[in-house]
*Asks:* 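Supplied in structure tokens, the structure appears directly below.
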Amino acid sequence: MITTTPTEDHRLARIPTGVPGLDDVLKGGFFEGAVYIIRGTPGAGKTILANQICFDHARNGGRALFVTLLAENHARMLQHLEQMSFYDAAFIPKQIYYVSAFRVLEENGLKGLMDLLRREMRAHEATILVLDGLIAVEETSTSDREFRKFIHELQAHAAAADCCTLLLTNGRRGEYHPEHTMVDGLITLEDVPYGKRRQRELEVRKFRGSSSLRGRHPFRITDDGLVVYPRPESRFLRNDATGTQQRLSTGIRQLDTMLNGGLIAGTITVVIGASGAGKTTLGSYFLGEASKAEPALHYGFYESPRQLIANAAVLGVNLEKKIQAGHLRIVWRPPVERILDSLGNEIIDEARAHKVKRLFIDGWGGFMASAESPDRVPSFFAAVANELRSLGVATMCAIETPNLVGPEVQIPVQGISAITENMILLRFTEYQARLYRVISILKARGGSFDPTLREFHISERGVELADSFESAERLLSGTGVRAPRIARKPPPARASRKSKSRRRG
Amino acid sequence: MQTVLIVDDEFGVAEVLQSILEDEGYRVVTAINGKQGLARLSEVHPDLVMLDFMMPIMDGTKMLAAMRADPSFADIPVVMMSSLDEASVRESSTQYTVFMRKPFRAAQVVQLVAKLLAR
């Protein structure tokens, strides 16, 4: 009987791409000795991507061979690459070698090209081979069969040399490409129109040997090369809520009481209200409780950090001190044209990097403005929320309602209740030619909560919540004889804080 | 008529150089790698070689070393061409006469070749 003992690990080794986000999409990178097609229209970013991978590979001690079959000459290409931060001339020619095989293909056909690739792979001990211009091989082939034979032979050489091979092509044939069935992976790069804007998107259509993140992942071409933003809906699939019952103060004593002790760690709270109703104020109070044990993050689209700090200071909340102590970070992303996926990934990366326990997102509208389609935002938010729960982050997100005053509350998000544990509603109500604010809790995880409506006030004294529902009842029913007043005793939350003026919500 | 041998693997580069130099009245011969370049060298005995640094099969450094080792070609002036800067090229070879960085301009080429061939 013959027995064999495994003496080595036969699992395929990975070659990280070094492209931010792409290794997450590929769950670790390409496989050694495998052949991949990278397909995209001219200008899609194929050549930059391949060079970026080569330079990262060289930086990690690998060797790359870049073979072009197209018209763009190396001098021009390198001139363009010099603008990119990943470019380092020190790697050329010892670790990255550029050759043109156009003439060889013209003069000696596919056999001549194969000989060149095989010899150069060996001569330069390449562990990555890039063939830029697969379309030229296709055009030179007299039949699909001959083209497939070339790919097959190249695969055999790449596997024998443990050389990961990237074939770049425009893919003129539409969807049918016989070579796609043969290679180990297919990645497409596209520039997709959404109304008047366009978004670059990367998709892994095939990836042998491993799963990958499904769907179209947006990417940007920056001065640092490509940056891929994995789709949160495919990246954040776990829902490992910690199950803790630890409560975090909202920063407002009466609201904590209504919530039976505060917000539970790892839950998602939406604060719904019209413009100026006090959503950002609530968020500032929540962040004002940041501490070493509960690091906080403000992720906002509207107010600059300076404005935010100044507005909070007026209410007596010293965010600057929290920032200086390293307990609070403010990330401001003005609502210009952005990629929704980049926002979701950034929030999670920030939460992980800084072990955030309190997060205020201001607000939902920033996601809506960045989304290629508004329908996508709820599922996007659900994915991000899942990951935040798993990280144990108590998250508060502001959602603006369209109607300023009135009995009807329009929540501009379908199905928000299903993806959040807590919902707080801020409303304006009119009474005797004045506007008053009313707060109520629609939903809260962790059992009982006070469902009554409470009048609240944002004033020089900060936020003051009525200790009972009576004033709110009078306001909403319109039956009050006198102007409703908030009970001044017991003192409101943060009564010691001195403030100067009102502020918007 | 003076002869210039251009050795470059990239499509377009040799063609452009050839047309520029032929317009100036030179005879131009081309090769697409160092191995082919050495063969042409024996055939045409050029007055000047314009040599690409990175090429398949045999690169510019190796071809230049072979040239300098052969007394028949040791004194032929060589213009080393590369997309890299000269410092990167000098790490591999210093046996060339002049370095010319790609991409280049026609006037620059004409001036350089005329100077090297003392026209």
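Below, read A as the first sequence line, B as the second, and so on, with proteins coming before strands; counting in each chain starts at 1. Excluded from the calculations below are hydrogen atoms, water molecules and symmetry mates; all remaining heavy atoms, backbone and side chain alike, are included.
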*Asks:* Roughly how far, to the nearest 0.5 Å, is the CD1 atom of Ile92(A) from the CD atom of Glu91(B)?
*Replies:*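 Going from CD on Glu91(B) over to CD1 on Ile92(A), the span is 11.5 Å.
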*Asks:* To the nearest 0.5 angstrom, please state how far the CZ atom of Phe53(B) sits from the OH atom of Tyr97(A).
*Replies:*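 Interatomic distance, Phe53(B) CZ to Tyr97(A) OH, rounded to 0.5 Å: 7.0 Å.
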*Asks:* State the OG1-CZ distance between Thr30(B) and Arg103(A), to the nearest 0.5 angstrom.
*Replies:*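 If we round to the nearest 0.5 Å, Thr30(B):OG1 and Arg103(A):CZ are 6.0 Å apart.
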*Asks:* Just checking Lys35(B): does its NZ atom have more than 12 heavy atoms from other residues, nucleotides or ligands closer to it than 6.0 angstrom?
*Replies:*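 No, not enclosed.
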*Asks:* More than 12 foreign heavy atoms under 6.0 Å from CG of Asp23(B): is that the case here?
*Replies:*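 More than 12 within 6.0 Å, yes.
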*Asks:* Measure the shortest side-chain to side-chain distance between Pro103(B) and Gln79(A) over non-hydrogen atoms and say whether it is less than 4.5 angstrom.
*Replies:*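 Yes, close enough: below the 4.5 Å cut-off.
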*Asks:* Side chain from CB out, backbone as N, CA, C, O: work out which of these in Ala14(B) comes under 4.5 Å of a heavy atom of chain A, or both, or neither.
*Replies:*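 For Ala14(B), backbone and side chain are both near chain A.
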*Asks:* Answer with side chain, backbone, both or neither: which region of Glu107(A) has an atom nearer than 4.5 Å to a non-hydrogen atom of chain B?
*Replies:*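 For Glu107(A), the contact with chain B is made by the side chain alone.
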*Asks:* Look up atom CG in Asp85(B) and atom CD in Glu82(A), then write down how far apart they are to the nearest 0.5 Å.
*Replies:*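 One gets 8.0 Å once the value is rounded to the nearest 0.5 Å.
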*Asks:* Does any heavy atom of chain A fall under 4.5 Å from the side chain of Phe104(B), the backbone, both, or neither of them?
*Replies:*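 Neither part; nothing is under 4.5 Å.
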*Asks:* Please determine whether the number of non-hydrogen atoms from other residues, nucleotides or ligands lying under 6.0 Å from atom NE2 of His152(A) exceeds 12.
*Replies:*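 Counting neighbours around NE2 of His152(A), 12 or fewer heavy atoms of other residues, nucleotides or ligands fall under 6.0 Å, so no.
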*Asks:* Just verifying a value: how many Å separate Ser100(A) OG and Asp52(B) CG, rounded to the nearest 0.5 Å?
*Replies:*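 Output value for this atom pair is 9.5 Å.
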*Asks:* Could you report the tightest heavy-atom contact between Val104(A) and Ile32(B), atom names first, then the distance?
*Replies:*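 Looks like CG2-CD1, 4.0 Å.
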*Asks:* For Leu116(A), is it the side chain, the backbone, both or neither that has a heavy atom under 4.5 Å from a heavy atom of chain B?
*Replies:*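 When you check distances to chain B, only side chain atoms of Leu116(A) fall under 4.5 Å.
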*Asks:* Going from CD on Glu10(B) to CZ on Phe102(A), what distance comes out if it is rounded to the nearest 0.5 angstrom?
*Replies:*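 Between atom CD of Glu10(B) and atom CZ of Phe102(A) there are 11.5 Å.
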*Asks:* Non-hydrogen atoms of chain A under 4.5 Å away: do they reach the side chain of Asp8(B), the backbone, both or neither?
*Replies:*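 Contact with chain A: backbone only.
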*Asks:* Mind listing the closest non-hydrogen atom pair of Val99(A) and Pro56(B) along with its distance?
*Replies:*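 So the two residues come closest at CG1-N, 3.5 Å.
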